[in-house]
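Since the structure comes first, as structure tokens, the remarks are kept for the end.
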Amino acid sequence: MTNTTAAPTRDHHDMYRLMSLMSGAEKHGPAATSTLDVLWVLYDRVLRVTPDTVDAPDRDRFLLSKGHGPMAYYAVLAAHGFFGEELLPGFGSYGSPLGHHPDRTLVPGAEIGSGSLGHGLPLAVGSVLGLRAQGLTDPRVWVLIGDAELDEGSNHEALAYAGPAGLEQLHTVVIDNASASYARPGGIAARFEAAGWSVASVDGRDHEALYAAFTAPHPGRPRAVVAQVDPKP
């Protein structure tokens, strides 16, 4: 598959145009739009990975655990040159690499196949441990999960392990769009704090607040950012 076309867009205001190119039987529109601003800030200002460094050992890893409704993810990847926007109209169709759940073997820049709830955070913990075993302590691992995914026990096992293990390379962004079935005593942030994480809660549409939360120092502890989002754009 050819991944290179015209120069990337690099303009947040063009994201809705790129998302509009994707049609088909998409059932998770709010899941996509709720992640758009977080994804844009990460790829535009924070993540140390480019189309030229997707296989570099010292790259940052971004894991989209919230893989159902990946339209915003695909739009941001296209805008940053990981593949051409001409692939977007084929979203979800037979023969398109852009499925309703991302496939890491088909989507340039995707680190994992995702969409089944509760897998991303455990995979991120394992990724950090794997990097440490190779002596790679500079690459950061980022994972984006949804609030409903915190209903899954696998996430809580990973969450409970990462804090005491001091996994400083690990960064988790939780999209809180009030879709969880069960409330957390004290809220989502309190759950991470109780496990020894560095935590911030921010407006998930405020780019400067997101950037500040993503780049705040957190020595010796994993970082969690709870992005509170109205799913409507």
[X] to [Y] - nearest heavy-atom pair and separation:
{"X": "A195", "Y": "P164", "result": "O-CD, 3.5 Å"}
{"X": "H207", "Y": "D37", "result": "NE2-OD1, 2.7 Å"}
{"X": "P139", "Y": "P57", "result": "CG-O, 3.7 Å"}
{"X": "P70", "Y": "F91", "result": "CG-CE1, 4.2 Å"}
{"X": "G204", "Y": "A227", "result": "CA-CB, 3.8 Å"}
{"X": "P222", "Y": "G196", "result": "CD-O, 4.4 Å"}

With the 4.5 Å side-chain cut-off for hydrophobic clustering, are [X] and [Y] part of the same group?
{"X": "W40", "Y": "V107", "value": "yes"}
{"X": "L144", "Y": "F82", "value": "yes"}
{"X": "V128", "Y": "L47", "value": "no"}
{"X": "V125", "Y": "I112", "value": "yes"}
{"X": "V226", "Y": "L210", "value": "no"}

Out of curiosity, [X] [atom1] to [Y] [atom2], how far, rounded to the nearest 0.5 Å?
{"X": "R104", "Y": "L64", "atom1": "CZ", "atom2": "CG", "value": "15.0 Å"}
{"X": "L98", "Y": "M71", "atom1": "CG", "atom2": "CE", "value": "12.0 Å"}
{"X": "S96", "Y": "D103", "atom1": "OG", "atom2": "CG", "value": "11.0 Å"}
{"X": "D176", "Y": "I188", "atom1": "CG", "atom2": "CD1", "value": "4.0 Å"}
{"X": "S34", "Y": "N177", "atom1": "OG", "atom2": "CG", "value": "4.5 Å"}
{"X": "L131", "Y": "T137", "atom1": "CG", "atom2": "OG1", "value": "9.5 Å"}

Is there a side-chain contact between [X] and [Y] in this structure, where contact means two heavy atoms from C-beta onward sitting under 4.5 Å apart?
{"X": "P122", "Y": "N155", "value": "yes"}
{"X": "H68", "Y": "H100", "value": "no"}
{"X": "H119", "Y": "S114", "value": "no"}
{"X": "R140", "Y": "F62", "value": "no"}

Keeping [X] on the side-chain end and [Y] on the backbone end, is there a donor-acceptor pair under 3.5 Å?
{"X": "S154", "Y": "G118", "result": "yes"}
{"X": "Y211", "Y": "D206", "result": "no"}
{"X": "E152", "Y": "E149", "result": "no"}
{"X": "Q169", "Y": "L136", "result": "yes"}

* Structure fact -> side chain to side chain contact (heavy atoms under 4.5 Å, CB included) with L39: of V173, L77, V76, only one passes, and it is V76
* Please list, chain by chain and in numerical order, all residues satisfying ring pair (Phe, Tyr, Trp, His ring centres under 6.0 Å) with H156, sequence neighbours excluded. => none
Test side chain to side chain donor-acceptor pair (under 3.5 Å) applied to [X] - qualifying residues, sequence neighbours left out:
{"X": "R45", "value": "E208"}
{"X": "R48", "value": "D60"}
{"X": "R61", "value": "none"}
{"X": "D138", "value": "none"}

* Structure fact -> For Y94, the hydrophobic cluster (side chain heavy atoms closer than 4.5 Å, chained through members) also holds none
* Look at the aromatic rings of Y43 and Y73 and report parallel, tilted or perpendicular, splitting at 30° and 60°. => tilted
* Qualifying residues under side-chain contact (heavy atoms from CB on, under 4.5 Å), relative to T172, sequence neighbours excluded -> L121, V143, I145, L170, V174, F192, W197
* To do: List for me each residue that meets side-chain contact (heavy atoms from CB on, under 4.5 Å) alongside L21, sequence neighbours excluded, and say none if there are none.
  => R17, L18, E85, L88, P89
* Asked: Tell me, which pairs form a salt bridge (charged side-chain N to carboxylate O under 4.0 Å, His left out) where one or both residues lie in residues 185-204, sequence neighbours left out?
  -> none
* Can you list every pair that meets salt bridge (charged side-chain N to carboxylate O under 4.0 Å, His left out) and has a residue in residues 108-135, with sequence neighbours left out? -> R59-E111
* **Pairs involving residues 158-180, ordered by first then second residue, that meet ring pair (Phe, Tyr, Trp, His ring centres under 6.0 Å) (sequence neighbours left out)** => W142-H171, H171-H218
* Residues V229, T35; criterion side chain to side chain contact (heavy atoms under 4.5 Å, CB included); working and verdict -> CA-CA 8 Å; V229 176; T35 65; over 6 Å; no
Please set out all donor-acceptor pairs under 3.5 angstrom arising from side-chain atoms of residues 49-56, sequence neighbours excluded.
unit_1: T50; atom_1: OG1; unit_2: D52; atom_2: N; d: 3.2
unit_1: T50; atom_1: OG1; unit_2: T53; atom_2: N; d: 3.4
unit_1: T50; atom_1: OG1; unit_2: T53; atom_2: OG1; d: 3.2
unit_1: T53; atom_1: OG1; unit_2: T50; atom_2: N; d: 2.8
unit_1: T53; atom_1: OG1; unit_2: T50; atom_2: O; d: 3.4

